[in-house]
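Accompanying notes for the structure given below.
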2 protein chains.
Amino acid sequence: MLRLSTKGQYGVRAMYEIARGSVAGPVTIKEISEKQHVSVAYLEQILNKLRRSGIIRSVKGPGGGYVLARDPGSISIGEILKELEGPVAITSCLDPKEGCVRVDSCVTHLLWKSLGDNIERFLDGMKLQDLLQGNQLMGLDRRDTGKNTHAARRGRPA
Amino acid sequence: MLRLSTKGQYGVRAMYEIARGSVAGPVTIKEISEKQHVSVAYLEQILNKLRRSGIIRSVKGPGGGYVLARDPGSISIGEILKELEGPVAITSCLDPKEGCVRVDSCVTHLLWKSLGDNIERFLDGMKLQDLLQGNQLMGLDRRDTGKNTHAARRGRPA
DNA sequence: TAATAGCCGAGTATTTCTGTCAAGTATTTA
DNA sequence: TAAATACTTGACAGAAATACTCGGCTATTA
Ligand code: FES
Ligand code: FES
């Protein structure tokens, strides 16, 4: 249950490659395709969306490719996924494009909303930078409370 | 993104009705159908699965219907959903039935695993009882750390 | 035995997903 | 300017999952 589409998955992996290679100049679709085992044609579709959203920039012509438009520390996984798959919407009632008439009398609305918020908080908090550094484990708690900080939270001091 | 199927949604709503009405005897599919606006035929399919898993029991014949097989405080939303939609598996690589060969070299595996665990913790922690009592808001933190307990955690003392 | 209510397996329409394809545009270098 | 490189765009098609429906059967009770 709750599966992510391949578009979202490939998108994140592509962004990882771009972030990784950007330091040495633009990264071509072909490179991403080879390293991440995704077809060039499919990647075109994905990267186009991300470019339109302003999250990456493209450079045409020989020597061209894609470059990060912003700092990897300011780009969240949530942002990438939302661009490719739309907002987190556990149910159609939670989708801003659909909505629901009987929200008020609904027993489960708040439950799904709460779950959705939880997921969104996770995805927005996880940055591309974390992926680069291998900090893919989000601590059990999102906030340090001073006490039980034995297992979690490497990196991202600020 | 990350939408729950209607089966899961209806399943939870049906369980709510059964829990609610169980005190006054078995609840019929027809009643659930009317109260939750889901067709009888579809509900049959859903409740059958839940019955086979032992989460509810059925009573045949006139005056029959469905009854909770266990205490509503011991039945979690996660349990209901897993029975109807299979395990939480953000990607196919996380699905126990599929798996992946290059887990070790994968940059994103841990990320999705972490997200999945997060979701599962939420769903397993939320009980049917909470739905009955209107405690559908899961606090921002799942655990009380002694300090900042101003906003969260009503009910379920043990 | 007749009415009630659940049990079960198949089947189908629809939608979403997962890509492919072909033709085009922009940029750089020789 | 011509060739080569790379991105751009929209349409489309096969596969899979979803969201149901249908028809007939079984158990229980009055
Ligand atoms: S039915 Fe729309 S919010 Fe529950
Ligand atoms: S490709 Fe399977 S775990 Fe990432």
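Values below: every heavy atom of this structure, side chains too, minus hydrogens, waters and symmetry copies. A note on names: the letters A, B, ... follow the listed sequences, proteins ahead of strands, and every chain is numbered from 1.
Distance CD (A:Glu31) to C1' (D:dT5): 13 Å, rounded to an integer number of Å. The NZ-C1' distance, from A:Lys49 to C:dG19, rounds to 14 Å in whole Å. Here the C1' atom of nucleotide D:dA17 and the CG atom of B:Leu2 are 16 Å apart, to the nearest Å. In this structure, A:His37 places its NE2 atom 14 Å from P of C:dG19, rounding to the nearest Å. Atom-to-atom, CG of A:Leu43 to P of D:dA6 comes out at 15 Å; the value is rounded to the nearest Å. For the pair B:Glu85 CD and D:dT18 P, the computed distance is 8 Å after rounding to whole Å. One can place CE of A:Met1 at 16 Å from C1' of D:dT18, the figure rounded to the nearest angstrom. Straight-line distance from the CG atom of A:Leu50 to the P atom of D:dC7: 14 Å, rounded to whole Å.
Under 4.0 Å is where a charged nitrogen must lie from a carboxylate oxygen, and between A:Lys113 and A:Asp117 at least one such pair does.
No side-chain N or O of B:Gln9 forms a donor-acceptor pair with one of A:Thr91 less than 3.5 Å apart.
The ring-ring contact (aromatic ring centres under 6.0 Å, His included) pairs that include a residue from residues 6-48 of chain A are A:Tyr10-A:Tyr42, where partners are two or more places apart or lie in different chains.
Side-chain N or O atoms of B:Lys127 include one that pairs as donor or acceptor with a backbone N or O of B:Asp124 at under 3.5 Å. Counting only distance, with no hydrogens or angles, the side chain of B:Ser22 and the backbone of B:Ile18 share a donor-acceptor pair below 3.5 Å.
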Output one letter per nucleotide in nucleotides 6-18 of chain C: B when a protein non-hydrogen atom lies under 4.0 Å from the base, S when only the sugar-phosphate is that close, - when neither is. SBB-B-------S
Donor-acceptor pairs under 3.5 angstrom involving side-chain atoms of residues 49-64 of chain A: please list them, not counting sequence neighbours.
unit_1: A:Arg51; atom_1: NH2; unit_2: A:Asn48; atom_2: OD1; d: 2.8
unit_1: A:Ser53; atom_1: OG; unit_2: A:Leu50; atom_2: O; d: 2.9

